[in-house]
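Input: a single structure, listed below in structure tokens.
Since we're looking at a predicted model, the values are computed, not measured. Lettering of chains follows the sequences in order, A, B, ..., and the numbering in each one begins at 1.
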Amino acid sequence: MNYLFLQVLTGLQISALYMLIALGLTLIFGTLGVVNFAHGALFMLGAYFAVVISDAFGFSVALVSVPILLFIVGIILERGLIRFFYERSHTDQILVTFGLAIVIGEVLKTIYGANNLPFAKPSWGSGIVKLHEYLPFLEGFVAYPKWRLILVVVSFSTVAALFLLLQFTRFGLIVRAGMRDSQMLAFLGVNITRRFTIVFGIGAVIAAIAGLFGGPITQVEPELGMKLLIPSFLVVVVGGMGSLPGAVLASLLFGMALSFTAKYAEIQQIIIYLLAVVILLVRPRGLMGKKGLME
Amino acid sequence: MSMSDNKSFFSVKNIHAYYGESYIVQGVSFDVAEGEIVALLGRNGAGKTTTLKTLARALDPKLRSGEIYLGGVALHKMKAHEAAQAGVQLVPEDRRIIPGLTVEENLIIAQVAPNKGWEIDRIYEHFPRLAERRKQDATSMSGGEQQMLAVARALAREVKLLLLDEPYEGLAPIIVHEIEAILQEVKKLGITTIIVEQNAVAALKLADSAIILDTGEVAFRGTAKEVLDNKELREEYLAI
Ligand SMILES: Nc1ncnc2c1ncn2[C@@H]1O[C@H](COP(=O)(O)OP(=O)(O)O)[C@@H](O)[C@H]1O
Ligand SMILES: [Mg+2]
């Protein structure tokens, strides 16, 4: 029982970070139609901002300011660069966003060096949680790092908040409609481009949240963006390009697969790629992909 | 309205539009009076849909030159959403009901941007079938019901120029009659309308006048009666 519970918890914790990054990626793809390879770099930027700001002013200041900063960075990137690539091929989009990711990585390396920046957790998030004290079905002593539990909670809350925003607000209705037929929305007078710029900003905010809460776990170094981008991109493809529920489902699947193969290092290294191949063979559009996107 | 009088409420001046490098609309000009209903006719592939999309200021086809005025307002300088806010309402040929949204959400989305037309309650009074299905996924409705919704969605906005692209396409004859009745009602509102139809006879029943397009150029402009009375015209361009 303990074993199963801990494996599931670890699975959730691994999924949490993939989920946050994949959510931002797929949100941007589903609305703007752009494959944003710079999304990992935005996450990394979030983590660097978080370290630097929380060192100087404390974590709570970072908690408020990093999402705002990334929102602004997102808006500037979309208006200043990405929007010129909407009508271009996916290959061009990948090239420009990949280039952007390299630039961001190099700039961070120049300023902060190639080494890992230590990210001190705030005191309220340090230490362990004695799970057996709360969960009577666990036997004996079962502890889990508090920060990892916080990451899981934050990640699922972010997913929930995004779903609520999209399902139950007028802004969400417009964005959902725009994801399905942006041209028709323009024929109905809606300036959908403006909404999509905000969506890009929201994607960057989700990357900021991932950086704030993922940073202390992943190490903050200039390769971080790429390291997480590849599996997150796989999550997006396996979930179905542009499908938010698909991204959530696929990240859970990957997290569990990685957690349950932890004993067998050789299998763990390839398990997500193996899963991706099998799923895409059976369902070429991914778990919840819709017809027409990326085709 | 310095640039327009009643006779040229809507004025299209020598427009040229392209899909990429394909030259489709090749110098089309015509005027439409306020409240006039025009049937835009012509063979398959003549460029009718392309013309309507150009008038609604779609990005694709691209308008490379020419001018379009609605009540003196220069539409050719606008993007699609600006033209829609200026009162152009396109009901596209494939209806383009937004999938994943309910009937009601499809109407709400039409009123996000200014200017509002009919209140949604008024729409439901006139379209009881839509009222019954308001919470239903709109694309799960029949073709006729979706066409009704497409027309209703246009009326949810302030309409100065209604562009209807093949409203009867793919519908059973009995449903065509239903949509015709609705369009007759819409006609009473006095909205300036351009209707594209393969079914030329049905379109001419509704229309005051007609334009015939042939490979992207205006081949005829006159009254609906002139088309119906002119056997050669009908045979050459309309196959009726
Ligand atoms: N998206 C497009 N890209 C390129 N060519 C197109 C496109 N849509 C239509 N065409 C071409 O433009 C011409 C006019 O098409 P269209 O305006 O749809 O005709 P109609 O509505 O009169 O049947 C046709 O030759 C058609 O093949
Ligand atoms: Mg057509």
Side-chain angles (χ1 to χ4, degrees), chain A residues 26-27 29-34 79 83-89 92 162-199 240-246 285 288-293 295, chain B residues 20 52-62 78-102 104-117 137-139 146 149-150 152-163 165:
Chain A
T26 206
L27 186 66
F29 179 77
T31 46
L32 301 158
V34 171
R79 286 288 86 190
R83 75 177 164 121
F84 300 108
F85 288 82
Y86 292 154
E87 304 299 319
R88 306 273 284 268
S89 68
D92 287 0
L162 186 65
F163 275 101
L164 292 176
L165 176 74
L166 288 176
Q167 284 303 324
F168 297 109
T169 66
R170 174 167 279 237
F171 176 77
L173 175 64
I174 298 168
V175 171
R176 274 188 293 134
M179 285 172 90
R180 301 306 289 270
D181 190 345
S182 59
Q183 194 193 34
M184 190 61 222
L185 282 219
F187 288 146
L188 293 170
V190 180
N191 183 353
I192 195 69
T193 326
R194 201 179 74 213
R195 269 53 171 229
F196 283 176
T197 302
I198 297 171
V199 168
M241 296 292 293
S243 164
L244 295 169
R285 286 196 187 103
M288 302 181 81
K290 296 196 183 81
K291 195 174 185 303
L293 280 168
E295 284 176 1
Chain B
L52 288 196
K53 281 189 173 170
T54 307
L55 300 180
R57 306 304 299 111
L59 265 182
D60 196 34
K62 188 171 166 55
M78 295 182 174
K79 293 183 173 161
H81 73 272
E82 294 162 334
Q85 292 185 17
V88 178
Q89 280 314 305
L90 173 65
V91 179
E93 65 183 333
D94 32 13
R95 313 187 231 287
R96 302 282 281 273
I97 300 303
I98 315 275
L101 266 55
T102 64
E104 187 147 296
E105 285 173 332
N106 265 280
L107 294 171
I108 291 171
I109 211 84
Q111 299 191 327
V112 166
N115 293 311
K116 235 188 208 184
D137 184 334
T139 49
Q146 289 191 41
L149 178 56
R153 187 173 61 178
L155 295 176
R157 299 189 50 73
E158 179 196 48
V159 197
K160 292 183 183 155
L161 175 70
L162 183 62
L163 305 173
D165 200 348

Do [X] and [Y] touch side chain to side chain, with heavy atoms closer than 4.5 Å?
X      : Y      : answer
B:R157 : B:Q85  : yes
B:Q89  : A:L188 : yes
A:L185 : A:M179 : no
B:L163 : B:V88  : yes
B:I98  : B:R153 : yes

Show me the side-chain donor-acceptor pairs of residues 163-175 of chain A shorter than 3.5 Å, one per line, residues at least two apart or across chains.
| residue | atom | partner | partner atom | Å |
| --- | --- | --- | --- | --- |
| A:T169 | OG1 | A:L165 | O | 2.5 |
| A:T169 | OG1 | A:G172 | N | 2.9 |

Non-hydrogen atoms of chain A under 4.5 Å away: do they reach the side chain of [X], the backbone, both or neither?
X      : value
B:L101 : side chain
B:E82  : neither
B:A83  : neither

Next item on the list: Give me the contact list for residues 90-97 of chain B versus chain A, heavy atoms only, anything under 4.5 Å, ordered by residue number.
Entry: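 From residues 90-97 of chain B, the residues near chain A are B:L90, B:P92, B:R96.
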
Check: Which residues satisfy the side chain to side chain donor-acceptor pair (under 3.5 Å) test with B:D60, sequence neighbours excluded?
Finding: none

Item checked: A:R195, part contacting chain B, at a heavy-atom distance under 4.5 Å ->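 When you check distances to chain B, only side chain atoms of A:R195 fall under 4.5 Å.
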
Next item on the list: May I have all residue pairs that pass salt bridge (charged side-chain N to carboxylate O under 4.0 Å, His left out) and include part of residues 104-113 of chain B, sequence neighbours excluded?
Entry: A:R176-B:E105, B:E104-B:R134, B:E104-B:K135

Check: What residue, out of B:V112, B:N115, B:I108, has the most heavy-atom pairs lying under 4.5 Å from chain A?
Finding: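 Top option by heavy-atom pairs under 4.5 Å: B:V112.
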
